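In each ligand, atom 1 is the first atom listed, and ligand 1 is the first ligand listed. The first residue in the sequence is number 1, and the count goes up from there. Just so it is clear, the model here is predicted, and its values are computed rather than measured.
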Amino acid sequence: MNYDIKTTALAGAGKQRIDWANRFMPVLDSIRVRFENERPLDGLKVAACLHVTTETANLMKTLKSGGAEAVVCASNPLSTQDDVAASLVVDEDIGVFAINGEDTETYYKHIDATLDLQPTITMDDGADLVSRLHSEETNPALVEQVVAGTEETTTGVIRLKSMAAEGVLKYPIIAVNDARTKHFFDNRYGTGQSTLDGIIRATNLLIAGTTIVVAGYGWCGRGVASRARGLGANVIVTEVTALKALEAVMDGFRVMPMQKAVQEADLIITLTGDIHVLRKEHFEAMKDGAIIANSGHFNVEIDIPALEKLSVDKGNARPYVDAYMLEDGRKLYLVGEGRLVNLAAAEGHPASVMDMSFANQALSLEYIAKNHGQFENRVYDVPESIDETVAQLKLQAFGVEIDTLTAEQEKYLNSWEMGT
Ligand code: NAI
């Protein structure tokens, strides 16, 4: 088995943490047990490009239990947990190509290494693997043998829909991100908690009384804004969509343009999936000591080259925090090099929320195994039945029971005749 990881020596620590995460992933675990008996993924070769975390390790184990041959590379150079990578290689015999802190060249070399498997399925987070497979540098025969793929995040789904619209997408994709049991919970509660977790671990900041600007009031932004408020922050939201801005206003947040917001901000967090949300004119207006972080998928939300250009000096302030000194002596602090701060400076989402995201991944692969001949080369939603199953299993795991419709209610809800 091929692999490229930091060291195999950390396998013991990795296994311990993977087992701990598994305690909070009962839905995925029940799927793994069923997969072991039914082997629905027999014969599939899966190349995965995901954050190499404890939760991903449990997903990889599930795919293997289902009969798939799987390899994994990192979907971000800073998110790899080297102990997890070690355990996957040593304890699970799964090929991993990921080293925390790898440079861009190694990052793409690792994506290419997963293609040596000659995958029939891709599992992506951000669409770097799919776009690499479609690029001119990659042997065109490889993309031809892929039957379908899945995509984990909002930014990846946007890129893949754009490929499909241009007619260049060469195989179908299931948008796992768009399952309600994924983005209602992972993007909102997962990102909401883990983004603050990353910033707190990196800076030891007291959130209470702090003025925090949240850029983007989508699923992730809403989560961060509400969690920050819960910890006592004074939260300002910035948006470009009227509806989302209005929602933020009615949720009780102050909303204003970024240029105004940065003047008050102690901490600014971007979660938009957009480019250069924080740029030169914003850095120039920031207070001395302002902290900047990003939790959107790519490190383009903060215009770091512009920040470098404005700075006369740069140095490490603490692990995961770089200080940029501007000409007038003000210092701005960038967390996690502007990469997903929850994964760069903390452990990513808690396992309990990834349980649902990765249950959707595993069940979507089973669905692909059964149905792939029927798809066109476009982006598909996760079937509703999968979403429903994941929600039911998660409720069961929480020990929560709900009511069922009576026959009378079912009839009423499907009729129009009865009024007052
Ligand atoms: P979304 O589409 O629900 O929300 C994005 C919001 O940003 C929209 O309301 C949009 O109007 C707003 N926006 C766009 N440009 C803006 C600008 N210049 N200024 C202010 N607001 C702007 O997307 P979602 O699901 O919230 O995802 C956001 C990003 O976070 C994506 O890149 C996604 O891939 C990533 N993500 C990160 C996770 C993490 O672990 N850190 C987890 C899940 C998603």
Q: Classify the contact between Val341 and ligand 1 as side chain, backbone, both or neither, using a heavy-atom distance cut-off of under 4.0 Å.
A: neither
Q: Looking only at protein heavy atoms, identify the closest one to atom 26 (O) of ligand 1 and say how far it is in Å.
A: Cys220 N, 2.9 Å
Q. Say you draw a straight line from OG1 of Thr120 to OH of Tyr171; how long is it, rounded to the nearest 0.5 Å?
A. 10.5 Å
**Q.** atom 4 (O) of ligand 1: the protein heavy-atom neighbour that sits closest, reported with distance to 0.1 Å
**A.** Gly218 CA, 3.1 Å
**Q.** Sub-4.0 Å heavy-atom contact, His349 with ligand 1
**A.** yes
Q. To which protein heavy atom is atom 32 (O) of ligand 1 closest, and what is the distance rounded to 0.1 Å?
A. Thr155 OG1, 2.5 Å
Q) Any idea which of Asn177, Leu243, Thr272 brings a heavy atom closest to atom 5 (C) of ligand 1? A) Thr272
Would you tabulate the side-chain donor-acceptor contacts of residues 205-225 under 3.5 Å, counting partners in other chains and residues two or more places apart, or write 'none'?
{"unit_1": "Thr210", "atom_1": "OG1", "unit_2": "Leu206", "atom_2": "O", "d": "2.6"}
{"unit_1": "Thr210", "atom_1": "OG1", "unit_2": "Ile207", "atom_2": "O", "d": "3.2"}
{"unit_1": "Thr211", "atom_1": "OG1", "unit_2": "Asn234", "atom_2": "ND2", "d": "3.4"}
{"unit_1": "Tyr217", "atom_1": "OH", "unit_2": "Asp251", "atom_2": "OD2", "d": "2.6"}
{"unit_1": "Arg222", "atom_1": "NE", "unit_2": "Gly218", "atom_2": "O", "d": "3.2"}
{"unit_1": "Arg222", "atom_1": "NH1", "unit_2": "Glu247", "atom_2": "OE2", "d": "3.4"}

Q) Considering only the protein, which heavy-atom contact is closest to atom 30 (O) of ligand 1, and what is its distance? A) Gly296 CA, 3.6 Å
Q | Proximal ligand 1 atoms for Asn342, defined as those under 4.0 Å from one of its heavy atoms | A | 39 (C), 40 (O), 41 (N)
(Q) For ligand 1, which is the ligand I care about here, please tell me if Thr153 has any N or O atom under 3.5 Å from one of the ligand's N or O atoms. (A) yes
Q: Using distance alone, decide if ligand 1 has a nitrogen or oxygen within less than 3.5 Å of any nitrogen or oxygen in Thr191.
A: no
**Q.** Which residues share a salt bridge (charged side-chain N to carboxylate O under 4.0 Å, His left out) with Asp82, sequence neighbours left out
**A.** none
(Q) So for Glu239, does at least one of its heavy atoms come nearer than 4.0 angstrom to any atom of ligand 1? (A) yes
Q: Using a strict cut-off of 4.0 Å, indicate which atoms of ligand 1 neighbour a heavy atom of Thr238.
A: 20 (C), 21 (N)
**Q.** For atom 28 (C) of ligand 1, closest protein heavy-atom neighbour
**A.** Leu271 O, 3.7 Å
Q: Do me a favour and list the nearest non-hydrogen protein atom to atom 35 (C) of ligand 1 with residue, atom name and distance?
A: His297 N, 3.6 Å
Q | Shortest non-hydrogen contact between Gly14 and Ser87, atoms and distance | A | C-CB, 3.9 Å
Q) Which atoms of ligand 1 have any heavy atom of Gly273 under 4.0 Å away? A) 29 (C), 31 (C), 32 (O)
Q. Looking only at side chains, do Thr8 and Tyr3 share a donor and an acceptor under 3.5 Å apart?
A. no
Q: Would you kindly check if the NZ (Lys) or CZ (Arg) of Arg378 is within the cone defined by 45 degrees around the ring axis of Tyr380 and under 6.0 Å from the six-membered ring centre?
A: yes
Q.
Quiz question: by atom type and distance under 3.5 Å, do the side chains of Glu102 and His110 form a donor-acceptor pair?
A. yes
Q. Which pair of heavy atoms, one from Leu28 and one from Asp355, lies closest together, and at what distance?
A. N-OD1, 2.8 Å
(Q) Please work out, at 4.0 Å between heavy atoms, whether the side chain, the backbone, both, or neither of Leu340 comes within that distance of ligand 1. (A) side chain
Q.
Between ligand 1 and Thr154, is the shortest N or O to N or O distance under 3.5 Å?
A. yes
Q.
I'd like to check whether Val277 has a polar contact with ligand 1, where a contact means an N/O of the residue lying under 3.5 Å from an N/O of the ligand.
A. no
Q | Closest non-hydrogen atom pair, Ala397 against Pro26 | A | CB-CG, 3.4 Å
Q: Please determine if Thr241 has a nitrogen or oxygen closer than 3.5 Å to a nitrogen or oxygen of ligand 1.
A: yes
Q | Shortest protein heavy-atom distance from atom 19 (N) of ligand 1, along with the residue and atom involved | A | Val240 CG1, 3.7 Å
Q) Does the N or O separation between Lys244 and ligand 1 drop below 3.5 Å for any pair? A) yes
Q. After noting the C-alpha distance and the side-chain angles of Glu366 and Arg34, does the key distance pass the salt bridge (charged side-chain N to carboxylate O under 4.0 Å, His left out) rule?
A. CA-CA 11 Å; Glu366 182 181 32; Arg34 179 170 68 75; 2.8 Å; yes
Q | Distance-minimising heavy-atom pair for His134 and Lys170 | A | NE2-N, 2.9 Å
(Q) Could you identify the single nearest non-hydrogen protein atom to atom 41 (N) of ligand 1 and state the distance to 0.1 Å? (A) Ser295 O, 2.8 Å
Q: With Arg17 as the cation and Trp20 as the aromatic partner, state whether NZ or CZ is under 6.0 Å from the six-membered ring centre and within 45° of the axis.
A: no
Q.
Less than 6.0 angstrom from the centroid, inside 45 degrees of the normal: does Lys370 satisfy that with respect to the ring of Tyr367?
A. no
